[in-house]
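Quick notes on the structure that follows.
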Amino acid sequence: MSTIKDPVTKGQPPRPVPTPETQHFWDGTRAGKLLLQRCPDCGGKAYFPPRPFCPGCGSRRVEVFQASGRARLYSYVIHHRPAPGFTPPYAIAVVELEEGVRMMTNILDCPQTPEALELDMPLEVVFTRLDDAIALPHFRPAKGTRA
Amino acid sequence: MIRPGAIAIAGAAETTALGTIPELSEIGLHADAALNALSDAGLRPRDIDGLACVGPMRPQMVAHYLGIIPKWVDGTAVGGCSFMLHVRHAAAAIAAGYCSNVLITHGESGRSRIAAMPRLAEPGTLAGQFEAPFGPLGPPTLFPMPVLRFMKTYGVTHEQLAMVAVVQREWAARNPRAFHRDPITVADVLNSRMIAYPFRVLQCCLVTDGGGALILTTAERARDLPARPVYILGSGESVETPMVSQMADFTSSRAFRVAGQEAFRMAGIAHGDVDHLMIYDAFAHLPLYGLEDLGFVGRGEAAGFIAERNTAPGGKLPLNTNGGGLSYTHTGMYGMFALQESVRQLRGTAPAQVPGAKISVCHGVGGMFAASGTVVLGNEPG
């Protein structure tokens, strides 16, 4: 598990408050696992964010599974103003996981510039501990692909 | 289904001032706009029996403040396009006989923040858990999130995205009430202060104080009132997701497509029938999504369409002729001002009048592609 580092350098970002329907996700990140859900009735299609039923068909018979952690950079902005817990400029990104779902995140271990942040670049998940209860899923350039 | 043209806008007005209004609180902006619209329609508050404004709790505040006794109320609050939905709902309510004369009001002290609606972010919502921890700070960081994917998919350039702001400033230059009227160039846009790459300050909407109000009634009654009636020919609405990261397609808004198709279907019009178009432009990419999702151009064609001046003064599809949220005004919920400009164009009273405009399409967005409403208006009953 990594410690908070660039671009997250100052203060604390807004802390998520888990609900009963999302607790398993945050238990997972705390244990270093990225947990998604999928619906066997929909051919095992993964979905996100967490909910106790399938948003495709409404089935409550869904299962939790561990994602590979591999993703590609789907889109992003680079924010140039200060925000709690962040030092500008910092990228706010959306990544597309290998399993097909997308999530918002930050990109670590990478210059926060348009030149370094190339769309579709391969990424891997890394977990950033905020406190005893919460670790955030962040992403960094996949090993072996960095310039 | 309501017959196109059965319901009309009989009164329309903005607040007396626009831009920076430190002398009025938010409820005062509602009232100023409402009184102006009532005057425009030749009506008094006691003539109003239906009321719509963006909640929560706003309808009772506005009704009490203005002395209105409504028997139909709509507090639909889906962001800046809520007023398009109010128009659609009010038309249905009048057609159903629930009420006769509906007042729709907007007032927002976006700039001065005098008794303004609180902006809440609940950390237990899905957005609070799965977006907020990664550092977004309101619409300037969230709304542009899909832009780089759109640009890569269709080969859109930064210069083309800058042209959106340049062209709208040309319209604003013709409008004495526009907040910004000085001409700008592509270079000015691309050298302006970076807010959230790829967008710079000239590609982000204004933050202003202001308001507007509309009065809807039956077409028959509207013809007996002093203002030139503007008829509701069709409308559509939809929502997708409160989280921009979860919109299904980063190059197209599902809510735009659903609302737009329904409005065109109800009105029974083709794109070639449209003389004037408003697309809610909180940020410079929205007219691109709007033009494509409403079907005015093909996929990936909107940026070139704007850069080639088709939407500029003198172009074949006049768009955002008041200057838009980028240059005219943007209180936080701009949809009311887009509707006001459509009404002015169809009455023939717009500062940058489109000669002979008969049909106007007014398309709004709420949240970050979260919601949408489309209204087709005409100055003939269809």
Side-chain angles (χ1 to χ4, degrees), chain A residues 7-8 11-23 25-26 29 47-51 55 73-96 101-107 112-114 117-120 128 130 134-139, chain B residues 120-158 161 190 192-201 203-204 240-251 283-285 368-369:
Chain A
V8 189
Q12 284 274 318
R15 188 183 178 283
V17 173
T19 62
E21 302 93 330
T22 65
Q23 187 62 54
F25 179 88
W26 296 110
T29 57
Y47 64 86
F48 180 85
R51 73 208 81 168
L73 181 56
Y74 195 70
S75 203
Y76 65 91
V77 301
I78 303 174
H79 194 203
H80 282 249
R81 297 180 301 167
F86 294 83
T87 301
Y90 65 95
I92 309 162
V94 172
V95 298
E96 186 169 276
V101 306
R102 298 188 197 121
M103 59 175 62
M104 191 170 282
T105 188
N106 301 118
I107 308 299
Q112 306 288 292
T113 63
L117 293 163
E118 204 174 324
L119 288 201
D120 300 313
T128 301
L130 286 190
I134 295 291
L136 295 177
H138 286 148
F139 286 78
Chain B
L120 298 173
E122 170 56 54
T125 61
L126 291 179
Q129 293 183 66
F130 299 107
E131 289 194 338
F134 306 107
L137 201 65
T141 49
L142 289 168
F143 228 144
M145 188 59 69
V147 172
L148 288 180
R149 177 53 58 179
F150 186 99
M151 293 173 75
K152 177 165 180 172
T153 301
Y154 294 123
V156 173
T157 66
H158 291 283
L161 268 170
L190 295 181
S192 66
R193 181 163 51 92
M194 186 67 85
I195 299 295
Y197 175 86
F199 279 170
R200 296 169 182 273
V201 69
Q203 293 164 304
C204 303
E240 185 176 350
T241 165
M243 304 168 73
V244 70
S245 64
Q246 300 305 316
M247 67 187 288
D249 183 345
F250 272 34
T251 68
F283 295 88
H285 59 318
M368 274 53 79
F369 292 110

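Just so we're on the same page: letters track the sequence lines, and every chain starts at 1. As a basis for the values below, the full set of heavy atoms in this structure was taken, side chains included, without hydrogen atoms, waters or symmetry mates.
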B/Thr141 and A/His79 side chains, donor-acceptor separation under 3.5 Å: no
Any donor-acceptor N or O pair under 3.5 Å, side chains B/Thr241, B/Gln246: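 On atom types as modelled, these side chains do not qualify, holding no pair under 3.5 Å.
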Side chain, backbone, both or neither: which part of [X] has an atom under 4.5 Å from a heavy atom of chain B?
X: A/Pro88; result: neither
X: A/Leu73; result: backbone
X: A/Phe25; result: side chain

Using a cut-off of under 4.5 Å on heavy-atom pairs, state which of [options] scores highest against chain A.
options: B/Phe250, B/Phe150, B/Phe199; value: B/Phe250
options: B/Gly128, B/Pro136, B/Pro133; value: B/Pro133
options: B/Pro198, B/Gly124, B/Gly135; value: B/Gly135

Structural part of [X] lying under 4.5 Å from a heavy atom of chain A:
X: B/Pro146; value: backbone
X: B/Leu126; value: side chain
X: B/Met243; value: side chain
X: B/Val147; value: backbone
X: B/Ala248; value: backbone

Residues A/Arg102 and A/Glu96 bridged, charged N to O under 4.0 Å: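 Answer for the salt bridge query: yes.
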Salt bridge B/Asp249-B/Arg149, side-chain N to carboxylate O under 4.0 Å: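 A salt bridge is absent here (no side-chain N lies under 4.0 Å from a carboxylate O).
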Check: B/Tyr197 side chain, A/Pro114 main-chain N or O, donor-acceptor pair, under 3.5 Å: no
B/Glu131 side chain to B/Val244 backbone, donor-acceptor under 3.5 Å: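 Confirmed, B/Glu131 side chain pairs with B/Val244 backbone.
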Salt bridge (charged side-chain N to carboxylate O under 4.0 Å, His left out) partners of A/Arg15, counting only residues at least two apart: A/Asp131
Aromatic ring proximity, centroids under 6.0 angstrom, B/Phe369 and B/His285: yes
